[in-house]
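All remarks here apply to the structure that follows.
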Amino acid sequence: MPTEARREAVAAVMARKPVAAKTGYLEETFKDLWCKNVFGDEEMRKRLPEGAYRSLKACVQHGTSLDPALADLVANAMKDWALSHGATHFTHWFQPMTGLTAEKHDSFVNWDESGRLIMEFSGKALVKGEPDASSFPSGGLRATFEARGYTAWDPTSPAFIRETENGATLCIPTAFCSWTGEALDKKTPLLRSAEALSASAVRMLKLLGDTHVQSVYPTLGAEQEYFLIDRAFAALRPDLLASGRTLFGAKPPKGQELEDHYFGTISPRVIAYMQEVDRELWKLGVPVKTRHNEVAPAQFELAPIFERTTVAADHNMLTMEVLRQVATRHGFTCLLHEKPFSGINGSGKHNNFSMATDYGDNLLEPGNTPAENMRFIVFLTAVLRAVDVHADLLRISVAHAGNDHRLGANEAPPAIISVYLGDQLTDIVQALVSGTAAAETKKSFMALGVSALPKLPRDATDRNRTSPFAFTGNKFEFRAVGSSQSIGTPNIVLNSILADALRHLADGIEAQRAAGASLIDAVQKVVQATLRQHQRIIFNGNGYSQEWQDEAAKRGLPNYRNTVDAVGQWDSAKNRTLFASLNVLTDKEVESRGHIMHEAYCKAVAIEAQSTLGIASSSILPAATRHLATMASAVAAAKPLGLPTSKLEASTRALANGVETLVGAIADLEAASAKADADHGSLTHHAKAYRDVVIPAMNAVRAAADALEDVVDDDLWPLPKYREILFMH
């Protein structure tokens, strides 16, 4: 029998039942739920004067500035709407460089001139807030004593209501900056990068003859993977509580070998949870569409419909919050760490990226004849150049301690950035490079061999789950993004590098036109030269193979295997020039973010190291020594009776060796952590110490502890085991 705490946890889990919805699903339909808590287009049209509504819509759709005189009108309408939903407070909801969201609540309560209590919300309060900025990561932009920071209303992302059992709060998406004007968040540079991409894309479209387009916006659909475990088990795992992943855990008899969880029937408790998540997100205007079991046991996925990237980024932060909060109500803990369990698949957040014009055209839609679609070929060429020239930035954008456990394993893309196009588009690229005509492609069908089943049209490309950056029909899927991270940084990078590539191509086409070339000849020459230079980034094969590692090295593609190596490239002259030239990040802002990434890595590993020491010393070692004492006592008791003890003695000796190995590993980790903590060199040097000294020492403690888990009396083992955590819902 397990320890008392584990026994009680198991009993609690076995007694759980699906949590009933607050209202019946027939009582509140999708139409009732959709955007119920969003101050969106319908509410704005209903509550604002026509001129104010049009100005606000122009700001959202075309990026035009909003007349400050309208702020009071919008604020008053927003307040009335919020009060009708039971809100008593408002907050400027922002995304500091912690990778999470932040908020400070203020009530609508105020006094009028006669001293009466009124509910008031001014345009000034809508447009600007002032949270304390001193305790957020700034990477040296602000000293601790320099506390002033500002939040600025982002009218391109709709305000929304967050409800609890006891009330409601109006949440206003905002940017966050310092008193000196530097961006202290992920939202501000994301908005800047979207504007930079729009400017470059509009310039290119006008060169190609599209005189109607006024703006282009990046679009995004961010798939979200996560694990659900019972709260009773999570409460007994200090490692999960501190770091979000299990720092100990022997491989269970069954993991994902049978491949029976993937797309399997969803259990009643989990589907009840998923249904409430969907309903809560629909109320917030998050267009979630897909839900299913993922590959690993206890792993699941949720995916939305595409939106503007700047809104999708807010919605993904909301999605992670809702996943965690609804999990508590259902007796679960939602784990968003990239690798919460060793030996089974981790979690990513596939970043499906494209671009659209202000009249709705997807610029990465190949059409029926992609070889003849000049616009598509130009934008495809820009993507290939962007990824090749700035592969380092894409890799850095997904680099953090959690993702190091996932990237490069046979569950996620390798650390080498490459582009998968599929055979048809690759043939077109090669034909353009060589100057020959691409082979004609015809729509093909899959014959399934059963007369009752219809013929299915075959897609132009297969899917390649080993590619970090894959074309999937009318978008690119950046598969290397980690499940826990904000999608702000990856999309800041994507927008910026594509804006730079389009700018480069436009310069080339304009130069050719100035020299007398026709539009078609100018485009062909520039595209051909660009593809010839950057086709090395295309790889359609198995990204997990050693052959690809060797081939990528021959091609000269960078391979930053861990966060420390990747982040070390962040503030290179090339990258500083890129961000500064597009007005996305200043030199100081680039430097600050490099500092924050190194610091976050060091802190994450330090927390894990201290958690490892605490659990190993105070829980696992005592359990193992108690079992060793029992074994030794059994040997001592058997010998006077003349009973055979050779095998028992051998087992006891092996156990003693295992305990001794654990004791030695704990001492080594203590020394390694002390050395790293005392290292007063540069942050880069500090991070290398954690990577090269502390992490190997942590791994040694885990290896010793996991070996003991398999032999120590189950009645003594203090931590819930993988077989319980992963398979009991």
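Just so it is clear, the values below take in all heavy atoms, side chains as well, and ignore hydrogens, waters and symmetry mates.
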- request: Kindly indicate, with the supporting measurements, whether the criterion ring-ring contact (aromatic ring centres under 6.0 Å, His included) is fulfilled by F341 and F227.
  value: CA-CA 10 Å; F341 302 100; F227 280 82; 5.5 Å; yes

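- Judged by distance alone, the side chains of S347 and Q299 do bring a donor and an acceptor atom under 3.5 Å apart.
- In this structure the side chain of N352 never reaches within 4.5 angstrom of the side chain of F478, judged on heavy atoms.
- For the 3.5 Å distance criterion, the side chains of E338 and H405 fail to qualify, holding no donor opposite an acceptor.
- Side-chain contact of D314 with S157: a donor-acceptor pair under 3.5 Å is present, judged by distance alone.
- The closest side-chain donor-acceptor pair between Q95 and K187, if any, does not fall under 3.5 angstrom.
- Side-chain contact check for Q535 versus L384: every heavy-atom pair is 4.5 Å or farther apart.
- Counted within 6.0 Å of CZ on R16, heavy atoms from surrounding residues, nucleotides or ligands total more than 12; the atom is thus considered enclosed.
- In this structure, the salt bridge (Lys or Arg N to Asp or Glu O under 4.0 Å) partners of K254, at least two apart in sequence or on a different chain, are D260.
- More than 12 heavy atoms of other residues, nucleotides or ligands lie within 6.0 Å of CZ in R329, so this atom counts as buried by the packing criterion.
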message: Under the criterion side chain to side chain contact (heavy atoms under 4.5 Å, CB included), I'd like the reasoning laid out for T563 against Y690: C-alpha separation, chi angles, the key distance, then a yes or no.
response: CA-CA 11 Å; T563 293; Y690 277 106; over 6 Å; no

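- At least one donor-acceptor pair closer than 3.5 Å links the side chain of W282 to the backbone N or O of V288.
- Salt-bridge formation is not detected for the pair R279/E276: no Lys NZ or Arg NE/NH1/NH2 atom is positioned less than 4.0 Å from an Asp or Glu carboxylate oxygen.
- In this structure, the salt bridge (Lys or Arg N to Asp or Glu O under 4.0 Å) partners of E551, at least two apart in sequence or on a different chain, are R555.
- Between K475 and E365, none of the side-chain N atoms (NZ, or NE/NH1/NH2) sits under 4.0 Å from a carboxylate O, so this pair counts as no salt bridge.
- Residues Y226 and M320 are not in side-chain contact: their nearest non-hydrogen atoms beyond the backbone lie 4.5 Å or more apart.
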- request: Please lay out, stage by stage, how M698 and V694 fare under the test side chain to side chain contact (heavy atoms under 4.5 Å, CB included).
  value: CA-CA 6 Å; M698 283 174 51; V694 175; 4.2 Å; yes

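- With hydrogens and angles left out, the side-chain atoms of S611 and D239 include no donor and acceptor closer than 3.5 Å.
- Taking K688 as the reference, nothing meets the salt bridge (Lys or Arg N to Asp or Glu O under 4.0 Å) condition, with sequence neighbours excluded.
- Side-chain atoms of T426 and N540 form a donor-acceptor pair, as typed in the model, at a separation below 3.5 Å.
- Evaluation of the salt bridge (Lys or Arg N to Asp or Glu O under 4.0 Å) test over residues 698-708, restricted to residues two or more places apart or in two chains, returns R702-D706.
- The pair R6-D715 fails the salt-bridge criterion, with no side-chain N (NZ, NE, NH1 or NH2) lying under 4.0 Å from an Asp/Glu carboxylate O.
- Remark: the T246 side chain and the Y722 side chain contain an N/O donor-acceptor pair separated by less than 3.5 Å.
- With a 6.0 Å cutoff to the six-membered ring centre and a 45° limit on the axis angle, R479 does not count as a cation-pi contact of F469.
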Tabulate below the donor-acceptor pairs under 3.5 Å that side-chain atoms of residues 485-492 make, not counting sequence neighbours, or state none.
unit_1	atom_1	unit_2	atom_2	d
Q485	OE1	G482	N	2.9
Q485	NE2	S397	O	3.0
S486	OG	G488	N	3.0
T489	OG1	K186	NZ	3.0
N491	OD1	N351	ND2	3.1
N491	ND2	N351	OD1	2.8
N491	ND2	I487	O	2.8

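- With respect to the salt-bridge test (charged N to carboxylate O, under 4.0 angstrom), the residues K721 and D714 qualify.
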message: Between H261 and F300, is the ring-ring contact (aromatic ring centres under 6.0 Å, His included) condition met? List the steps.
response: CA-CA 10 Å; H261 190 259; F300 309 94; 5.5 Å; yes

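- Between K251 and D710, none of the side-chain N atoms (NZ, or NE/NH1/NH2) sits under 4.0 Å from a carboxylate O, so this pair counts as no salt bridge.
- For Q224 and S483, the side-chain atoms include no donor-acceptor pair closer than 3.5 Å.
- Between Q569 and I396 the shortest side-chain heavy-atom distance falls below 4.5 Å.
- Here D230 pairs with R269 in a salt bridge; the nearest charged N to carboxylate O distance falls below 4.0 Å.
- Residues forming a salt bridge (Lys or Arg N to Asp or Glu O under 4.0 Å) with R245 (at least two apart in sequence, or on another chain): E608.
- Because its NZ or CZ atom is both nearer than 6.0 Å to the ring centre of Y217 and within 45° of the ring axis, R308 counts as a cation-pi partner of that residue.
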